[in-house]
Protein chains: 2
Amino acid sequence: MDRRQQKTQQAIFKAFDRLLEKKRFEDISIKDIAEEANIGRSTFYAHFETKADLMDAVCSEIFTHVLSITIPTEQSHDFSTSETSLKNRLIHILHHLKDNGSTTKGVFASGDGQLFLHYFGEYLKEMFNPYVSTIYIQVPDDYVLNHMVTGFAATVNWWLQGGFSPTPEMVADYFMQVNGFVTITKISQ
Amino acid sequence: MDRRQQKTQQAIFKAFDRLLEKKRFEDISIKDIAEEANIGRSTFYAHFETKADLMDAVCSEIFTHVLSITIPTEQSHDFSTSETSLKNRLIHILHHLKDNGSTTKGVFASGDGQLFLHYFGEYLKEMFNPYVSTIYIQVPDDYVLNHMVTGFAATVNWWLQGGFSPTPEMVADYFMQVNGFVTITKISQ
DNA sequence: ACATAATTGCACGTTGTGTTCAATAACTTA
DNA sequence: TAAGTTATTGAACACAACGTGCAATTATGT
């Protein structure tokens, strides 16, 4: 690939990241990005069709990273460790999201994790699917699955809004407890 | 209030509702609304400053309705009935949202319940707050609260995307179970 | 060095926003 | 019903952003 293309691509991504720290996605214009990246506006269009296209690329980049980190972990099918395996995968994801803090914030800022959900949805569904039917028998599987996927997104959102203060391990623990992956929950009173 | 103002207000609201059935909020222009409402574009600006302003009004209208329906129910402080009281309030809300189906869809379509959350957030928080600390002791209260509020929004979203097919009673039941308001949940395996 | 390909800036048409204003129509109330 | 008030209308204006096209320039790979 042409060196020039790489440069401008990176410049665009970095500029976008920088802008996402200041503004919401909706309030960033292509002119803004071009100026921040120090490139011509028409150059932007040579790389991306729309602003959403750029966001797509950013999201799928994060997605690819998270995927590469967490998928290899899945090797044990031992039931006794299945929960800890899930928890570990969640911890990995949370670590990665914390490391990419500003980008994560940017992705979430544009519609409360809508895009995050769009890109991670399928992956998260696959991840949570094996556990669904074992937890709440009187509730439709697809409801439980949706509950977990959106719940995880809400968890990440809560976490980053609090400045990523609890550790990934703690956050994963909260999520596990709240979703019934524990021996003792509570009762009515 | 001048009869003319009432007319145009209603015309705008109805037009907005009609448009929300066809398009997403983001894709509706003020010109669209004016045309659909059969009023001059400048007349729109005499009533609302921006498109978001209109959405605000719509949301707070729904909010007011839900509030008036569910608040009076709260009179019992008996612990044994507190869960059913919560459940009943949820059922009331769900009924109301189903009755205003198209508007509900419109509100949710613009950012996966972002606006819904913004307007109902405080109310829902108040509603769920008394139950929070009694359920998951090892998890921060604000996390649990956030989990319930966003979880309820996700529930409504799941429900409307499935065409409101289960009854409000069933949906409320799913929500209650999944959030730990039950005697027997499940265990690891 | 030369052919190739990316970048640039400028121009153009389009769409939407928000404001202003004078003319017209509808309303209230006295 | 007549008079004064107030809402509506449509047209005009300035502005910002989008997306496209193109010729000139510049950097790249070989």
Side-chain angles (χ1 to χ4, degrees), chain A residues 1-61 103 106-107 109-111 114-115 118, chain B residues 1-61 103 106-107 109-111 114-115 118:
Chain A
M1 193 197 218
D2 202 311
R3 240 182 277 145
R4 289 169 290 182
Q5 283 185 67
Q6 298 176 39
K7 275 187 190 174
T8 53
Q9 283 250 2
Q10 286 183 1
I12 290 173
F13 278 119
K14 284 186 181 175
F16 193 51
D17 265 29
R18 252 172 282 143
L19 289 171
L20 278 175
E21 290 179 45
K22 298 184 237 165
K23 297 182 186 183
R24 296 182 311 157
F25 173 73
E26 294 79 12
D27 299 330
I28 297 171
S29 70
I30 292 175
K31 191 191 165 200
D32 289 339
I33 300 169
E35 278 176 359
E36 181 72 33
N38 198 32
I39 59 164
R41 198 166 63 90
S42 50
T43 310
F44 177 90
Y45 286 106
H47 287 260
F48 301 98
E49 297 221 335
T50 64
K51 213 175 37 168
D53 234 52
L54 172 57
M55 188 54 119
D56 276 22
V58 172
C59 284
S60 77
E61 206 194 353
T103 308
V107 174
S110 57
Q114 231 184 336
L115 273 152
H118 179 263
Chain B
M1 195 202 217
D2 201 310
R3 239 181 281 146
R4 290 169 292 181
Q5 283 185 68
Q6 298 176 39
K7 276 187 190 174
T8 53
Q9 283 251 2
Q10 286 183 2
I12 289 172
F13 279 118
K14 285 186 181 177
F16 193 51
D17 264 30
R18 252 172 283 142
L19 289 171
L20 277 175
E21 291 180 45
K22 297 183 239 166
K23 296 182 186 182
R24 296 182 311 156
F25 173 73
E26 294 80 12
D27 298 330
I28 297 172
S29 71
I30 292 174
K31 192 190 165 200
D32 289 338
I33 299 169
E35 277 177 1
E36 181 73 33
N38 198 32
I39 60 165
R41 196 167 64 92
S42 52
T43 309
F44 177 89
Y45 287 105
H47 287 260
F48 301 97
E49 297 219 335
T50 64
K51 213 176 35 167
D53 234 51
L54 172 57
M55 187 53 120
D56 276 22
V58 171
C59 284
S60 76
E61 206 195 353
T103 308
V107 174
S110 57
Q114 228 184 338
L115 273 153
H118 179 261

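First the proteins, then the strands, lettered A, B, ... as listed; each starts at 1. Just so you know, these numbers come straight off a predicted model, no measurement behind them.
Residue A:His47 places no side-chain N or O under 4.0 Å from the OP1 or OP2 atom of C:dA6. Note on A:Arg3: a side-chain N or O is less than 4.0 Å away from OP1 or OP2 of D:dG29.
When the local axes at the two ends of the helix from C:dA1-D:dT30 to C:dA30-D:dT1 are compared, using 5 base pairs at each end, they differ in direction by 30° after rounding to 10°.
Following rounding to the nearest Å, A:Phe44 (CZ) and C:dG9 (C1') show an atom-to-atom distance of 17 Å. If you take CD of B:Gln9 and P of C:dA26, they are 19 Å apart, rounded to a whole angstrom. The distance from atom CE of B:Met1 to atom P of D:dA7 is 9 Å, rounded to the nearest whole Å. In this structure, the CD atom of B:Gln10 is 13 Å from the P atom of D:dT8, given to the nearest Å. In this entry the distance linking CZ of B:Phe25 with C1' of C:dG16 reads 14 Å, nearest Å. In this entry the distance linking CD of B:Gln5 with P of D:dT5 reads 17 Å, nearest Å. Note: CZ (A:Phe48) to P (C:dT7) measures 11 Å, nearest angstrom.
Here B:Lys14 does not pair with B:Asp17 in a salt bridge; the nearest charged N to carboxylate O distance is not below 4.0 Å. Here A:Asp32 pairs with A:Lys23 in a salt bridge; the nearest charged N to carboxylate O distance falls below 4.0 Å.
Of all heavy-atom pairs between A:Ala34 and A:Arg41, the closest is CB-CA, 3.9 Å. In plain terms, the two heavy atoms of A:His47 and A:Gln5 that are nearest each other are CE1-O, 3.6 Å. Considering every non-hydrogen atom in both B:Lys51 and B:Phe25, the closest pair reads NZ-O, 3.3 Å. Residues B:Ser60 and B:Ala57 approach most closely at OG-O, 3.2 Å, considering heavy atoms.
Mapping A:Arg4 and B:Ile39 onto DNA chain D by nearest heavy atom places B:Ile39 closer to the 5' end of the strand. Nearest-nucleotide positions on DNA chain C for A:Thr8 and B:Asp2 put A:Thr8 closer to the 5' end.
Using a 4.5 Å heavy-atom cutoff, the side chains of B:Phe44 and B:Thr8 are not in contact. The shortest side-chain heavy-atom distance between B:Asp27 and B:Arg24 falls under the 4.5 Å cut-off. Taking the side chain as every heavy atom from C-beta outward, B:Gln9 and B:Phe48 approach each other to under 4.5 Å.
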Quiz item: What string of B, S and - do you get for nucleotides 12-23 of chain D 5' to 3' if you count protein non-hydrogen atoms under 4.0 Å?
Solution: B-----BBBB--
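Looking only at distances, no side-chain donor or acceptor of B:Thr43 sits under 3.5 Å from a matching main-chain atom of B:Ile39. Although no hydrogens or angles enter the test, the distance criterion places a donor-acceptor pair under 3.5 Å between the side chain of B:Gln6 and the main chain of B:Met1.
A heavy atom lying under 4.0 Å from DNA chain C marks none of the residues of residues 14-23 of chain B.
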